[in-house]
Q: 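One structure coming up, written as structure tokens, with questions to follow.
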2 protein chains.
Amino acid sequence: MTDAYTIKEAAEHTGIPEETIRYYERIGLLPRAERKQNRHRVYRPKDLETMRLVTCLKKTGMPLEEMKPFLKLSVGDDISEHPELHDLIVEHRAKIREQMDSLQQILDFIDSQMIGTAPEAECGLAGQPKRFGFLNL
Amino acid sequence: MTDAYTIKEAAEHTGIPEETIRYYERIGLLPRAERKQNRHRVYRPKDLETMRLVTCLKKTGMPLEEMKPFLKLSVGDDISEHPELHDLIVEHRAKIREQMDSLQQILDFIDSQMIGTAPEAECGLAGQPKRFGFLNL
DNA sequence: ACTTGACCTGGAGTCAGCTCCAAGTTGTAT
DNA sequence: ATACAACTTGGAGCTGACTCCAGGTCAAGT
């Protein structure tokens, strides 16, 4: 067979611990993995990609439950045939943008306090600019 | 007294629910609040700022425990007198930069799949570029 | 006097996301 | 034959961050 990985190898390649991979299968985030005669899990390259996608989405703060619809689409599926997913991803894209804005504001804030060069930052809070005095240098 | 807020008002101004404010006090994230004769909590503007700082740091993914050293410094303290905190914040700044990079890569990836204009993205994973086919448009 | 509403305390429950464990099976090395 | 390592299952336990009581206090309004 082409490229088969044990769970250990899958863990090494994806950085996701074995236990966690099994957990993901248990909660139905990942599909039930193929098994060998001895019931051991076998993973294919596309499975590793799916796992990497999980890692990827997790970085953006997406909860595991929300990932399920995306992961159910098999590799190669055309998203345009799934308008509801298209909407979901557009929605998630907006969240990521917001997150980045927050982070940028905080960076600006830190820099303005620590180096005194960045523009005014208010930590993304509405209302009059507030500075957290303890950071003054 | 100048500007005193009830817990309810504090909650309204900061967006943090009352229960959560009490919880933060319980776990020692926020200092024990001033009380009135009737034991009700009283909050001052500086307390609201501290709460806003919590919200702010939370947005960057900092766990509550890690915030404590920062919050213990009272408003107006000079961070240069606390080199260990300076280091912590520089460290956290680096984490935020990483987070932003991850998010940017994912945005690029989404956009490249959904609009077909953005540069190549690999979801920040080492190794050979992989694309998650289901997003093809 | 009594109700109402905002607050208090301490403790229990919840949820996500793991993480660990015990007991069992299988395949390989000595 | 026997030990060992790598896996399996199902279930329990854990951490972080809340969230929800139950039962009590207090001040103001009718």
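Note: hydrogens, waters and symmetry copies are ignored here, and every other heavy atom, side chains too, is used.
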Q: For nucleotides 18-30 of chain C, just jot down a letter per nucleotide in 5' to 3' order: B, S or -, based on protein non-hydrogen atoms under 4.0 Å.
A: BBBB----SS---
Q: With a 4.0 Å cutoff (strictly under), does any side-chain N or O of A:Thr6 reach OP1 or OP2 of D:dA6?
A: no
Q: If I take atom CE in residue A:Met67 and atom P in nucleotide C:dA16, what distance separates them, rounded to the nearest angstrom?
A: 13 Å
Q: Look at the side-chain N and O atoms of B:Arg41 and state whether any lies under 4.0 Å from the OP1 or OP2 oxygen of C:dC7.
A: no
Q: I need the CZ-P distance between B:Arg22 and D:dC21, as an integer number of Å.
A: 14 Å
Q: Would you kindly give the CD1-to-P distance between B:Ile16 and D:dC18, to the nearest whole Å?
A: 9 Å
Q: Separation of B:Glu25 atom CD from C:dC7 atom P, in whole Å?
A: 14 Å
Q: To the nearest Å, give me how far apart CD1 (B:Ile7) and C1' (C:dG5) are.
A: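 Interatomic distance, CD1 of B:Ile7 to C1' of C:dG5: 15 Å.
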Q: If we only count heavy atoms from C-beta on, is the B:Met62 to B:His92 side-chain gap below 4.5 Å?
A: yes
Q: Where do A:Arg44 and A:Ala4 come nearest, in terms of heavy atoms and distance?
A: NH1-CB, 3.7 Å
Q: If every non-hydrogen atom of B:Pro31 is compared with every non-hydrogen atom of B:Glu25, which pair is closest and at what distance?
A: O-CG, 3.9 Å
Q: How close or far is atom P of C:dC8 from atom CD of B:Glu18, stated in whole angstroms?
A: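 Taking atom P of C:dC8 as the reference, CD of B:Glu18 is at 8 Å.
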Q: Whole Å only: how far is the NZ atom of B:Lys36 from the P atom of C:dC8?
A: 9 Å
Q: Could you give the CD1-to-P distance, from B:Ile21 to D:dA17, as a whole number of Å?
A: 17 Å
Q: Sequence neighbours left out, what passes salt bridge (charged side-chain N to carboxylate O under 4.0 Å, His left out) with B:Arg22? Give chain and number order.
A: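 With neighbours one apart ignored, the set is B:Glu18, B:Glu19.
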Q: Between B:Pro63 and A:Lys8, which has a closest nucleotide on DNA chain D that is more 5'?
A: A:Lys8
Q: Taking CD in B:Gln104 as the centre, count heavy atoms belonging to other residues, nucleotides or ligands within less than 6.0 Å. Is the count above 12?
A: yes
Q: For A:Ile27, answer base if it contacts any base atom (sugar-phosphate contacts may also be present), sugar-phosphate if it contacts only those atoms, and nothing otherwise; contact means non-hydrogen atoms under 4.0 Å.
A: nothing
Q: Using a strict 4.0 Å threshold on nitrogen-to-oxygen distance, state whether A:Glu34 and A:Arg41 make a salt bridge.
A: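 So A:Glu34 does not pair with A:Arg41 through a salt bridge.
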Q: Please report the closest heavy-atom contact between B:Ile21 and B:Tyr43, naming both atoms and the distance.
A: CG2-OH, 3.3 Å
